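What follows is a set of notes on a single structure, which appears directly below.
Source: prediction; values computed, not measured. Counting convention: from 1, in listed order, for ligands and their atoms alike.
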Amino acid sequence: MAKIIDGKLVAAQVKEQIAQEVKTFGKEVGLAVVIVGDNPASRVYVNSKKKDCEEVGIKSYEYALPQNTTQQELLDLVVKLNNDKNVDGILVQLPLPKQLDEKEILNAINPEKDVDAFHPVNVGKIMIGDYSFLPCTPAGVMELIHSAGVEVKGKHCVVIGRSNIVGKPMAMLLLHEHGTVTICHSRTQNISEITKQADILVAAVGIEKFVTADMVKDGAVVIDVGMNKDSEGKLCGDVDYLPVSEKASFITPVPGGVGPMTRAMLLKNTLTAAKLSNDLKEGERLGDTI
Ligand code: NAP
């Protein structure tokens, strides 16, 4: 029977550490959260992000814009936040209403305040392994793997899913830790033949019970990123949890696995952004005196 990797517990430990650092940081750490329109799911996410900030002593600034906001209005706000010294991190809650060009908005965020790590500069830095921020979900998965004492080096890691926010950066982080990585997606043939070879299997598909026990090798580490609703409307992952936990060595539950870690990583990135901006300011002062 698999050991459960308790995401809530690991997230609480990470948050405790962040709270300590924020307390002694020497200046207020600030996160601007921008929400456009009235998407109920986005509202829930934004509220929980604000609550998380409060818990660790990060000041959150909410900018709630109406559904009919124009591209220029949102760009103007991003520029204003880029220049606001109280704002260390900027998060624009996705999805945006249809009239807005998401890509242009994300590209307008100062990469040093890009706590979601979606800006092409940060994406590129992840590729070459020289990064300040990691996207929250893959970063959270790596923390969970480390918390279980699992070494990635030399392992066959299979990631199901190749999205820009989860699958691709996930694969890259496993590669940076010397895993041998295979990425599967909707056009992959004989997927279970591949997943059965995985020492570490990460499922980021978005389909309930996609990963069944016959797709998993005995003793595999199984990380379930999926966040789906079952027929009763309850949150569930991509993994057929009970049968798979009979075979795996470690498994993350849903809820209580990757989700809480994703939230904790946003706080970590915000603190990192504050550290970056602090260094810059020190640099500026130094330059001023020369
Ligand atoms: P996404 O953009 O929809 O990507 C899903 C990926 O799964 C795609 O690469 C797709 O392949 C692949 N896929 C779909 N059907 C497949 C099939 N039958 N066989 C193999 N691969 C298949 O989703 P995402 O944003 O990466 O998110 C994935 C899941 O993680 C969702 O349930 C989402 O809610 C969840 N999530 C959770 C967190 C968290 O904090 N826990 C954070 C982010 C996302 P193609 O590229 O070929 O279409």
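Under the 4.5 Å side-chain criterion, counting only non-hydrogen atoms from C-beta, I145 is not in contact with I5. Residues D238 and E208 have side chains not in contact (no heavy-atom distance under 4.5 Å, counting atoms from C-beta outward). The shortest side-chain heavy-atom distance between Y45 and V33 does not fall under the 4.5 Å cut-off.
Annotation: K268, atom NZ; neighbour count of heavy atoms from other residues, nucleotides and ligands within 6.0 Å does not exceed 12. Around NZ of K8, the count of heavy atoms belonging to other residues, nucleotides or ligands within 6.0 Å does not exceed 12.
Between the side chains of N47 and R43, at least one donor-acceptor pair of N or O atoms lies under 3.5 Å. With hydrogens and angles left out, the side-chain atoms of D88 and T270 include no donor and acceptor closer than 3.5 Å. Between the side chains of Q71 and E104, at least one donor N or O lies within less than 3.5 Å of an accepting N or O. Side-chain contact check for T272 and S132: no donor-acceptor pair (N or O, by modelled atom type) lies under 3.5 Å.
Using 4.0 Å as the threshold, G167 has no heavy atom nearer than that to any atom of ligand 1. Using a 4.0 angstrom heavy-atom cutoff, C184 does not count as in contact with ligand 1.
Nearest protein neighbour of atom 39 (C) of ligand 1, counting heavy atoms only, is M227 SD, 3.5 Å. Of all protein heavy atoms, the one closest to atom 36 (N) of ligand 1 is V225 O, 3.7 Å. Of the protein's non-hydrogen atoms, S163 CB, 4.1 Å is the one closest to atom 1 (P) of ligand 1. Summary of contacts: the protein heavy atom closest to atom 3 (O) of ligand 1 is V205 O, 4.4 Å. Of all protein heavy atoms, the one closest to atom 21 (N) of ligand 1 is H185 C, 3.1 Å. Looking only at protein heavy atoms, the nearest one to atom 8 (C) of ligand 1 is R162 N, 4.0 Å. Among all non-hydrogen protein atoms, the one lying nearest atom 40 (O) of ligand 1 is T262 OG1, 2.8 Å. Ranking the protein heavy atoms by distance from atom 10 (C) of ligand 1 puts S186 N, 4.3 Å first.
Residue contacts with ligand 1 for I207 involve side-chain atoms from C-beta outward but no N, CA, C or O (heavy atoms, distance under 4.0 Å).
Here's the thing with D238: none of its N/O atoms is less than 3.5 angstrom from an N/O atom of ligand 1.
Counting the atoms of ligand 1 from 1 in the order shown, those under 4.0 Å from a heavy atom of I165 are 25 (O). The distance from ligand 1 to the heavy atoms of I191 drops below 4.0 Å at these ligand atoms: 20 (C).
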